[in-house]
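Here is the structure we will look at.
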Amino acid sequence: MAVRHVFLLLMALRTVSSGIVLSFPQARFPPLDYLPDDLTMPPCGVPKPTKPFYTTFHIGNSYNVTWITPTSSNSTYRIRLIDSDGLTVEQVPGMIAEGVNSQAIKLRSPCEQCMLLVEQVMANGKAFRSCADVNVVKGSVKEDEQCSQRGSLMNATCQCESGFTGNQCQHYAHCETNDDCLNGGVCVDQPNSLIKKRCFCSYRFFGQRCDRKFNSQNDHCFAYDELVAADLPLYGMFNPRCFQRHDLSAEDRVYSRRVDNEVEVIMDFSTKSWLYLGWRPTELSTSCRLFPILEDTRGRSNEMDEVARREFVAKPVMPKNNGYTELGLKSSLHPMDCVDVIMTSVRKGRLFISDFYSRDRSTPLEDYWYDGEMSLSAAYGTQVDDRTIVMFRRELREFEPTDHPLGPNEILVVWSKGDGQMGTAFQGSDRGVEKLRLAEVVNVTFEQPTPTNELAFGVKNVAHDRLEPITNIPTTFSSSSSSFSSSSTSKQTTPTPSSPSAPTRLFTSSLPTPPRPTTTSEPEDSSASSPSATRVFVLVLAIFVLFY
């Protein structure tokens, strides 16, 4: 039964091939692109935010409307201007052919607090849509409107604020030049992505500006500091003995292990493009689709610092429908619904990786779109021949609604890899669904080198080196029945110690122990003779008298 369930999920994943999101004017937040008209409320699917961002269009002026869509077949596009009641005010003439992702338009009808809607219409009649909040007005264009309120006009050119790019500052960007990326990172164009420019980071570094680093050094399991081809058998990056191996296909696999309260995951895929790995609990209520609360899109949590956000408890008020129809709310979860996601790509030895969330079949959005944060504590990437290898580390537990735990139990894992630039057709031609245990502890031992005489417990035995052989020790031990004396020419060698004992023990263990002398109540007179010496003297004196 479990196998059949995974097979059905995989088939559902393979049916996703369309969607659309406006890149100019700015799509309504969040810019979800999988909004079929049979599952979401008209006219836009995404409810109107409490604080909409309005793009101003001036009657008679030409504007280039742009959008992003995965590669699909048998579809056309159309653009409409809709008022706040959902009624069509103006239909842009003509249908736009497949493969085109922009259209120059001139609007003729004034419309305050309206919506510009672009629809992708499939051959089977299903439609996908994206809309933007706009004001269509008469009069001349103000300077700040020419730069989308995100920059200033200087010499007829928009100077964009940090975080935006484009001739009208209409696109999001994490960088503008290589100087914006720290620690040797480079700024890379992403023309078919919602984020038009991103930092790709040198080995060891990650983060939006390559400003984060995992503080650890190489060991027997992973090259945390630098790639070491001679010491680690796979790509000079890691030792597979330290990890569990999970085969996803004939060419793609994942390695994982639990390290204290964190989980380390390595994606080893046959691709030179991007990778996608998502997960969620195997049992999850369909009510997860009610996050984020789109009827009130941004609460006060986005104004908090990191510590306060983790301690913040959201008000227990759920949205009515979050833009879904009743059918959409009751339908079973798609593999890409409510999924915690890692998306990554390696270009010329540099890594982009970030923490994403997928509310539905839409292109995943980075956690900050939902007032979340980057949850990774480490990230590394490399390419070898036609393979991309990326490691990330994260805490086992979750901190916010955009996160799911990585264990300790079995979880549903969704994976995909691309054959083009990241952000285009992210579902990919190769993808699948598995149930895996990623948070298993792997016990592995490595042989330690045998210590030599020069080393004791890994430290040079300085005390032993300072010992000298024991020679020329004149010693006299006396007892009532015998005597022992060593001449000045006698020699005794210190035996080699079997363990690093104290030097005093080495001396005492090489010599006989003298008997304890008898003690008396009177101090011993060094000039007095002993009783046996007196008897000898009397006997000698008697013999002398007899002879003489």
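Side chains of Asp386 and Gln383: no donor on one and acceptor on the other come within 3.5 Å. With 3.5 Å as the limit, one finds no donor-acceptor pair spanning the side chains of Gln170 and Ser148. Side-chain contact check for Tyr224 and Arg393: at least one donor-acceptor pair (N or O, by modelled atom type) lies under 3.5 Å. For the residue pair Thr40 and Arg129, a side-chain donor N or O sits within less than 3.5 Å of a side-chain acceptor on the partner. Judged by distance alone, the side chains of Ser23 and His171 never bring a donor and an acceptor atom under 3.5 Å apart. In this structure, a donor-acceptor pair under 3.5 Å is present between the side chains of Ser375 and Asp403.
For the pair Arg387 and Tyr235, the minimum side-chain heavy-atom distance is below 4.5 Å. A 4.5 Å side-chain heavy-atom check between Lys435 and Val413 finds every atom pair outside the cut-off. For the pair Val254 and Val265, the minimum side-chain heavy-atom distance is below 4.5 Å. A 4.5 Å side-chain heavy-atom check between Leu376 and Ile353 finds at least one atom pair inside the cut-off. Two residues are said to be in side-chain contact when any heavy atoms from C-beta on lie closer than 4.5 Å; Gln208 and Tyr368 meet this criterion. Side-chain contact between Leu438 and Arg257: absent, with no pair of heavy atoms (C-beta onward) separated by less than 4.5 Å. At least one side-chain heavy atom of Met343 sits under 4.5 Å from a side-chain heavy atom of Pro364. No side-chain heavy atom of Thr344 sits less than 4.5 Å from a side-chain heavy atom of Ser354.
Under the 3.5 Å distance criterion, the side-chain polar atoms of Asp355 are left unmatched by any main-chain donor or acceptor of Asp367. Not one N or O on the side chain of Ser345 forms a donor-acceptor pair closer than 3.5 Å with the backbone of Trp274. Judged purely by atom type and a 3.5 angstrom limit, Lys417 uses its side chain to pair as donor or acceptor with the backbone of Ser270. The backbone N or O of Cys187 sits nowhere less than 3.5 Å from a side-chain atom of Asp180 that would complete a donor-acceptor pair. A donor-acceptor pair under 3.5 Å is absent between the side-chain atoms of Arg209 and the main chain of Gly185, judged by distance alone. In this structure a side-chain-to-backbone donor-acceptor pair under 3.5 Å is missing from Asn183 to Ser202. Formation of a donor-acceptor pair under 3.5 Å by the Thr271 side chain with backbone atoms of Gly418 is found in this model. Between the side chain of Asp33 and the main chain of Thr363, a donor-acceptor pair closer than 3.5 Å is present. Using a distance-only test at 3.5 Å, with no hydrogens or angles considered, no donor-acceptor pair links the side chain of Asp247 to the main chain of Ala250. Put simply, the side chain of Ser193 never gets that close to the backbone of Lys196: no donor and acceptor are under 3.5 Å apart.
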Give the C-alpha distance, both sets of side-chain angles, the deciding distance and a yes or no for disulfide bond (SG atoms under 2.5 Å apart) between Cys181 and Cys201.
CA-CA 8 Å; Cys181 305; Cys201 306; over 6 Å; no
Tell me, with the steps shown, if Phe238 and Phe243 meet ring-ring contact (aromatic ring centres under 6.0 Å, His included).
CA-CA 9 Å; Phe238 69 98; Phe243 299 84; 5.8 Å; yes
Just do the side chain to side chain donor-acceptor pair (under 3.5 Å) check on Ser377 and Glu262 with the steps written out, would you?
CA-CA 9 Å; Ser377 60; Glu262 294 189 320; 2.9 Å; yes
Verdict with supporting geometry, Thr402 and Glu400, side chain to side chain donor-acceptor pair (under 3.5 Å):
CA-CA 5 Å; Thr402 53; Glu400 52 197 13; 3.2 Å; yes
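Under the 4.0 Å criterion applied to side-chain N and carboxylate O atoms, Arg198 and Glu366 are assigned as salt-bridge partners. Between Asp133 and Lys48 there is no salt bridge, since none of the side-chain N atoms of the basic residue sits less than 4.0 Å from a carboxylate O of the acidic one.
For the pair Arg241 and Phe446, the cation-pi test (distance below 6.0 Å, angle within 45°) is passed.
To the nearest 0.5 Å, the span separating OG1 on Thr69 from CH2 on Trp67 amounts to 9.5 Å. To the nearest 0.5 angstrom, Asn135 atom CG is 9.0 Å from Glu145 atom CD.
Applying the salt bridge (charged side-chain N to carboxylate O under 4.0 Å, His left out) test to every pair with at least one member in residues 151-162, sequence neighbours left out, gives no pairs at all.
By the salt bridge (charged side-chain N to carboxylate O under 4.0 Å, His left out) test, Lys197 pairs with Glu176, sequence neighbours left out. By the ring pair (Phe, Tyr, Trp, His ring centres under 6.0 Å) test, Phe269 pairs with Trp415, sequence neighbours left out. Legend: residues meeting salt bridge (charged side-chain N to carboxylate O under 4.0 Å, His left out) with Asp360, ordered by chain and number and at least two apart, are absent. Residues passing the salt bridge (charged side-chain N to carboxylate O under 4.0 Å, His left out) test with Arg437: none are found, sequence neighbours excluded. Here Glu119 pairs with Arg78, Arg80 under the salt bridge (charged side-chain N to carboxylate O under 4.0 Å, His left out) rule; sequence neighbours left out.
Between Trp369 and Tyr172, the ring centre distance stays below 6.0 Å. Not less than 6.0 angstrom separates the ring centroid of Phe206 from the ring centroid of Phe214.
The SG atoms of Cys160 and Cys147 lie 2.5 Å or more from each other. The SG atoms of Cys199 and Cys210 lie 2.5 Å or more from each other. The SG atoms of Cys169 and Cys158 lie 2.5 Å or more from each other.
If you run salt bridge (charged side-chain N to carboxylate O under 4.0 Å, His left out) between Asp340 and each of Arg280, Arg394, Arg359, only Arg394 comes through.
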